[in-house]
Amino acid sequence: MAKLRLRALPLTLLALIGVAVSGAAASSPSPRESAPSASSSPSPSDENELICHTDNPAECYPKVFQATDEFQLVHEDQDLPKGLHVRLDVQTGRKMAKINIPDEAHPALEGLPVDKAVVIVDPEEGEDKVTQPLKIPANAPGYEPVGKIKEPKNPNSEEGSAFYRSLSILKKGLNIDEALEMLEDISHDIYYGLKIAEDLDTVRQLFCLANTPAIFESTDDTETVLSRARVAALTLGSAVQNNPKALAEIEKHWATLEKEKCPGSEETLGTATFRLVPPPSPVAKKNDPSLAKVRISAISGLLKNDAIREQFLANGGMELLLEVLVGSEDPDWEPAQKKVGYLILDNFLDEDMGAALGEWPIGGQAKDGECEAKSEVHKDCWDWHAQKLAKRFKSEKGHWSAELLKKLKEQRKANGANGAKRRGKKDEL
């Protein structure tokens, strides 16, 4: 009958009973508990407060942990006084605590040489003092820092089938827009990006669509041409971005692609790929900022390859970038100009971003007065234009033009003698 009455008691009354019991227990403290403590003691109201998650009073526990000479479990919602000996189980995450005894020795460490909690282990007899380097087996495969690209779990899925169908459609020139949309959407995937780059015919078609001379002309289907060029450039840029294996595949094709001419073009792809701004023309559509932006992104990814970057520099690529960078103060061109700024930083000036230092800038620069007198953008006025650009956006804190000017000056100084020598060697060739 007593048990039945206990279960029927209200929860508030149970809490009062618990307070009374804990108060009685606290009235006769042990000698260790009565000793003065360095840490501040919790208030009496906190010590007497109980935490009950169920109606069973046996499962209640004090809000403030009551330490004894033995380790006890500390509940997650309990307050833990300072100065206790706390032990954490790294496997379960459970915390246990007891009264701290400063000179208490741990039985498990008895007999072991211990210095500042560091266990010194003497080497076994006969153990070599010098560790011998591991020998690589004769038939071991070569080390690949980029790792292996795994195939999708189900390459024959609807997505995989649509991908390979789009490759076939694009190469045959059928429904180009639908195929481009599919390839651009999936090219961000590292596996499918590699598959795009491995296919020479697909890569050729993408390069031709992105760099066709029709993008600089005004015809009845100009919007279609520009749209296809944007998507093709996006696909190429996405395929090689952060995908070294895909970029390596592009390099394999580059010796073939750079010599080829696309339909309707008098220029080889080796030249057309890097032509960002066409010669002066009355055609209104010749300078499309959105197309320039995505083509710059694609070029930035391609320049991570040494061979393509070398050809870019040899073909006056930096001068073409300068034309975009300072050719217009129209706000519509600012996103494309920002892309140029980061292309230069990431590929030539900022080592932290993987830039190949020492390749550019090289040689001297014209005087400010000479640059100001020039009517056209000139490669010998890079520093003057960069300084003018940084001054234009000086009021915008953290603008990329300030970092570009800073890194350009640093590398110009670092490359001074070596740069001039390297350019002289190329001129001889």
Side-chain angles (χ1 to χ4, degrees), residues 141-153 155 157 159-160 162-164 166-167 170 180-200 202-207 209-211 229-254 257 269 273-274 276 290-313 317 321 335-360 400 403-404 407:
Y143 171 67
E144 291 189 36
V146 297
K148 183 179 179 180
I149 297 177
K150 294 183 178 181
E151 292 186 16
K153 292 182 179 179
S157 64
E159 183 182 65
F163 169 74
Y164 289 106
S166 298
L167 287 184
L170 183 66
L180 280 175
E181 185 179 352
M182 171 61 189
L183 293 179
E184 191 279 322
D185 185 56
I186 206 170
S187 61
H188 301 269
D189 183 278
I190 194 169
Y191 173 79
Y192 289 112
L194 174 60
K195 289 304 170 185
I196 290 173
E198 287 176 344
D199 193 310
L200 173 58
T202 299
V203 172
R204 180 191 290 112
Q205 186 76 317
L206 290 172
F207 268 100
L209 288 170
N211 303 294
R230 289 188 202 100
V231 180
L234 276 171
T235 304
L236 283 171
S238 299
V240 300
Q241 185 178 21
N242 300 323
N243 196 342
K245 286 197 171 184
L247 185 57
E249 292 298 322
I250 298 291
E251 181 185 12
K252 292 178 184 178
H253 304 320
W254 188 248
L257 292 172
L269 276 174
T273 298
F274 306 124
L276 297 173
S290 62
L291 175 57
K293 178 183 173 182
V294 295
R295 292 182 71 219
I296 291 164
S297 294
I299 291 172
S300 183
L302 294 171
L303 291 183
K304 293 297 181 183
N305 178 266
D306 295 343
I308 297 176
R309 188 173 62 253
E310 183 178 353
Q311 183 175 359
F312 174 80
L313 291 171
L321 290 178
Q337 291 164 342
K338 182 178 180 180
K339 283 287 182 184
V340 170
Y342 282 115
L343 179 153
I344 296 167
L345 286 167
D346 295 350
N347 290 284
F348 300 102
L349 301 179
D350 192 344
E351 190 174 16
D352 292 339
M353 298 304 295
L357 302 185
E359 296 183 352
W360 185 88
W400 55 267
E403 183 70 8
L404 177 64
K407 293 291 185 181

Partners passing side chain to side chain donor-acceptor pair (under 3.5 Å) against Q241 (at least two apart in sequence or in another chain): none

Nearest heavy-atom neighbours spanning L180 and T235: O-OG1, 4.3 Å

Who are the side chain to side chain donor-acceptor pair (under 3.5 Å) partners of N243, not counting sequence neighbours? none

Run through N211, I196, L234, D199 and flag the one making a side-chain contact (heavy atoms from CB on, under 4.5 Å) with L206. I196

Would you indicate whether the side-chain heavy atoms of E181 and V231 approach each other to under 4.5 Å? no

Side chain to side chain donor-acceptor pair (under 3.5 Å) with W400: which residues, sequence neighbours excluded? none

Could you measure the distance from the CG atom of L257 to the CG atom of L269? Nearest 0.5 Å is fine. 6.0 Å

For the student: nearest non-hydrogen atoms of L209 and A232, plus distance: CB-CB, 3.8 Å

Show the nearest heavy-atom pair for residues A298 and A233, with the distance to one decimal. CB-O, 3.6 Å

List, one per line, each side-chain donor-acceptor pair under 3.5 Å for residues 299-306, sequence neighbours excluded.
unit_1	atom_1	unit_2	atom_2	d
S300	OG	N347	ND2	3.3
K304	NZ	D346	O	3.0
K304	NZ	M353	O	3.2
N305	OD1	A307	N	3.1
N305	OD1	I308	N	3.1
N305	ND2	E251	OE1	2.9
D306	OD1	R309	NH1	3.4
D306	OD1	R309	NH2	2.7

Taking atom CD1 of I296 and atom CD of Q337, what is their separation to the nearest 0.5 Å? 8.5 Å

Please name the pair of heavy atoms, one in S166 and one in M182, separated by the smallest distance, quoted to 0.1 Å. OG-CG, 3.0 Å

Anything under 30° is parallel, anything over 60° is perpendicular, the rest tilted; go ahead and classify W360 against F348. perpendicular

Closest approach of A239 to A246 (non-hydrogen atoms, all atoms of both residues): O-CB, 3.3 Å

Sorted by chain and number, sequence neighbours left out, side-chain contact (heavy atoms from CB on, under 4.5 Å) with K407 holds for L345, L349, D350, E403, E410

So W254 and F207, would you call those rings parallel, tilted or perpendicular, with 30° and 60° as cut-offs? tilted

Run the side chain to side chain donor-acceptor pair (under 3.5 Å) test against E198 and tell me which residues pass, sequence neighbours left out. K195

Between R295 and T273 the two heavy atoms that sit nearest each other are NH2-O, 3.6 Å

d(L313 CG, F274 CZ) to nearest 0.5 Å is 9.5 Å

